[in-house]
Amino acid sequence: MSTPRKMAILVLVASLSLVILGPLTSRAQQSVTDSVSFGDNRYQVLIEFPPGGAAGAPLVLALHGYGGSIESLRQESGLSQLTLNGYGVMYVQGLPDPAGQAHWNANLDMVPRDDLSALLALLHRVNRIHKFDPMRVFVVGESNGGFMAFSLACRSEGVIAGIVSVNGTMSGRDWRTCSTKSPVPVLRITGGEDTVVPVDGSMTEEGGWGGAPDADTVDAAWAARFGPVTRTDTKPAPFVQQSQYVTDTGRTVVTRVHILPLGHDWPQTQFFDFDVLPIIRNFLAETEAQRHM
């Protein structure tokens, strides 16, 4: 185990108070729901297991968007299908902001709640109880969940193996302060018609959301954390543009799939005749295969 990962786990064990209110058992089962307390806050959790069980399996942390829910993300994304590829999928319900909308505090200015520490503590406990592989923990987030994925990548040294951000980007504060020494690969899925999180970086800074530059600049800056990279652009479909940043050793560190007609929605096949789930699945598999490069 790397020193950063040891330090992250020691800090979590020493400083975080996490109480499992329901029974998180390790028995063979398809799924388990739970209510998890962190400080004064309580989070609802749904864990779905691969057919072979959790022991030694990778885990995907799935985070919904602003105002969303576990069930809305499950229905829209189809992420639960990843269990058929040997992944555990853990959905977590965000808590309300002052307007009553469920959200994640991705280094924002809306509430002082420490969602980052709560999610890290939850991951540590779930990995320990169910024996998921702590070296293969991924985050897939939609919109605000995509912002939170970047926060986790920036501020959880050695814990996250890779992130997928769908219609999300870095918050202004994360863009200015992210200093991770162990960057992780990133897959971004963006929409050309997205006016909520525009790819040109023009999102309002109110609440701490905006402040990061355009998508190309964010991608290039993240890729540069790995050292020298080469960018390659392709068109997987007539209305899709893909950019990939690859290191000198052949490791793909940033991929962005830009769907021109997509607004601020999860791209579903019935609307675009383009399925992003295989792209997410391939990203997870390739990241695992390339993690020692």
Side-chain angles (χ1 to χ4, degrees), residues 43-44 46 60-80 89-111 113 115-116 119 138-154 160 162-175 178 186-215 218-219 222 255-269 271-272 274 276-277 279-280 283:
Y43 298 80
Q44 300 300 316
L46 169 63
V60 173
L61 171 62
L63 303 176
H64 61 73
Y66 184 75
S69 67
I70 288 174
E71 193 54 36
S72 66
L73 182 59
R74 285 184 75 239
Q75 291 181 355
E76 293 172 356
S77 67
L79 289 173
S80 296
V89 181
M90 181 169 71
Y91 298 90
V92 185
Q93 179 64 46
L95 300 180
D97 66 4
Q101 298 297 312
H103 89 298
W104 302 105
N105 183 12
N107 220 347
L108 304 173
D109 299 325
M110 301 163 67
V111 294
R113 188 178 65 239
D115 288 332
L116 179 105
L119 289 172
F138 298 89
V139 185
V140 179
E142 178 185 13
S143 186
N144 179 203
F147 280 73
M148 194 69 213
F150 270 110
S151 283
L152 285 160
C154 284
I160 306 301
I163 68 169
V164 179
S165 177
V166 180
N167 292 330
T169 186
M170 302 177 78
S171 65
R173 186 174 289 116
D174 276 341
W175 168 253
C178 183
V186 172
L187 167 63
R188 299 184 66 194
I189 298 170
T190 57
E193 300 296 327
D194 189 345
T195 58
V196 178
V197 185
V199 293
D200 64 3
S202 61
M203 187 176 186
T204 175
E205 296 191 31
E206 183 179 357
W209 293 98
D214 63 275
V218 171
D219 295 344
W222 192 267
T255 300
R256 184 156 67 92
V257 176
H258 185 59
I259 305 173
L260 296 174
L262 178 66
H264 195 69
D265 304 286
W266 188 280
Q268 299 185 49
T269 53
F271 300 119
F272 296 102
F274 183 77
V276 298
L277 192 59
I279 294 173
I280 294 174
F283 167 78

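Starting from 1, each residue takes its place in the sequence as its number. If you're wondering where the values come from, they're calculated on a predicted model, not measured in any experiment.
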### Interatomic spacing from OG in Ser171 to CE in Met148 - rounded to 0.5 Å
9.5 Å
### Message
If you compare all heavy atoms of Gly211 against all heavy atoms of Trp175, which two are closest, and at what distance to 0.1 Å?
### Response
O-CD1, 3.8 Å
### Task
Kindly give the heavy-atom pair with the smallest separation between Leu277 and Ser77, and that separation in Å.
CD1-O, 4.2 Å
### Query
Can you tell me how far CD1 of Ile163 sits from CG of Leu187, rounded to the nearest 0.5 angstrom?
9.0 Å
### Query
Any idea how Tyr43 and Trp104 line up, ring-wise: parallel (<30°), tilted (30 to 60°), or perpendicular (>60°)?
parallel
### Task
Check the pair Val164, Val139 against side chain to side chain contact (heavy atoms under 4.5 Å, CB included), reporting the backbone distance first and the verdict last.
CA-CA 6 Å; Val164 179; Val139 185; over 6 Å; no
### Task
Sequence neighbours left out, what passes side chain to side chain donor-acceptor pair (under 3.5 Å) with Arg256? Give chain and number order.
Thr190, Asp216, Asp219
### Spacing of Glu142 atom CD and Leu79 atom CG [to the nearest 0.5 Å]
9.0 Å
### Query
How far apart are the C-alpha atoms of Leu61 and Val89, what are their side-chain angles, what is the distance that settles it, and do they pass the side chain to side chain contact (heavy atoms under 4.5 Å, CB included) test?
CA-CA 6 Å; Leu61 171 62; Val89 181; over 6 Å; no
### Message
Do Val218 and Arg188 have side chains that approach each other closer than 4.5 Å (heavy atoms only, starting at C-beta)?
### Response
yes
### Message
Quick check: do Leu152 and Cys154 have side-chain heavy atoms less than 4.5 Å from each other?
### Response
no
### Message
As a quick check of understanding, evaluate side chain to side chain contact (heavy atoms under 4.5 Å, CB included) for Ile280 and Val60, giving each step before the final call.
### Response
CA-CA 11 Å; Ile280 294 174; Val60 173; over 6 Å; no
### Query
Per the side chain to side chain contact (heavy atoms under 4.5 Å, CB included) rule, which among Leu73, Asp115, Leu119 passes with Val92?
Leu119
### Task
Applying side chain to side chain contact (heavy atoms under 4.5 Å, CB included), run through Phe147 and Val197 and close with a yes or a no.
CA-CA 10 Å; Phe147 280 73; Val197 185; 4.0 Å; yes
### Short side-chain to backbone donor-acceptor contact, Asp200 and Ser202, under 3.5 Å
yes
### Query
Quick one: does Gln93's side chain have a donor or acceptor within less than 3.5 Å of a partner on Gly68's backbone?
yes
### Task
Kindly compute the distance separating CG (Asp174) from CG (Leu108), expressed to the nearest 0.5 Å.
8.0 Å
### Task
Indicate yes or no for a side-chain donor-acceptor contact from Arg173 to the backbone of Asn107 under 3.5 Å, with no hydrogens or angles considered.
yes
### Message
Any heavy-atom pair between the side chains of Asp194 and Asp265 that's under 4.5 Å?
### Response
no
### Message
Less than 4.5 Å apart, side chain to side chain, heavy atoms only: is that true for Pro267 and Val166?
### Response
yes
### Summary
Closest non-hydrogen atoms of Pro96 and Arg113, given as atom of the first, atom of the second and distance, are O-NH1, 3.2 Å
### Query
Quick one: side chain to side chain donor-acceptor pair (under 3.5 Å) partners of Thr269, sequence neighbours excluded?
none
### Task
Locate the shortest heavy-atom distance separating Thr169 from Ala212; write the atom from each residue and the value.
OG1-CB, 4.4 Å
### Task
Please name the pair of heavy atoms, one in Trp222 and one in Met170, separated by the smallest distance, quoted to 0.1 Å.
CZ3-CE, 4.1 Å
### Query
Listed by chain and number, what are the side chain to side chain donor-acceptor pair (under 3.5 Å) partners of Asp97, not counting sequence neighbours?
Tyr66
### Task
Starting at CG of Leu63, measure out to CG of Asn144 and round the result to the nearest 0.5 Å.
8.5 Å
### Task
Kindly state each residue pair satisfying side-chain hydrogen bond (donor to acceptor under 3.5 Å, both in side chains) with at least one member in residues 204-215, sequence neighbours excluded.
Asp214-Thr217
### Query
Which atom names give the shortest non-hydrogen contact between Asn105 and Val111, and what distance separates them?
ND2-O, 3.1 Å
### Query
Residues two or more places apart in sequence or in another chain: which of them pass side chain to side chain contact (heavy atoms under 4.5 Å, CB included) with Leu46?
Ser31, Thr33, Glu48, Ile70, Arg74, Tyr91
### Query
Is the backbone of Gly94 close enough, under 3.5 Å, to the side chain of His64 for a donor and an acceptor to pair up by distance?
yes
### Message
Run the side chain to side chain contact (heavy atoms under 4.5 Å, CB included) test against Ser143 and tell me which residues pass, sequence neighbours left out.
### Response
His264
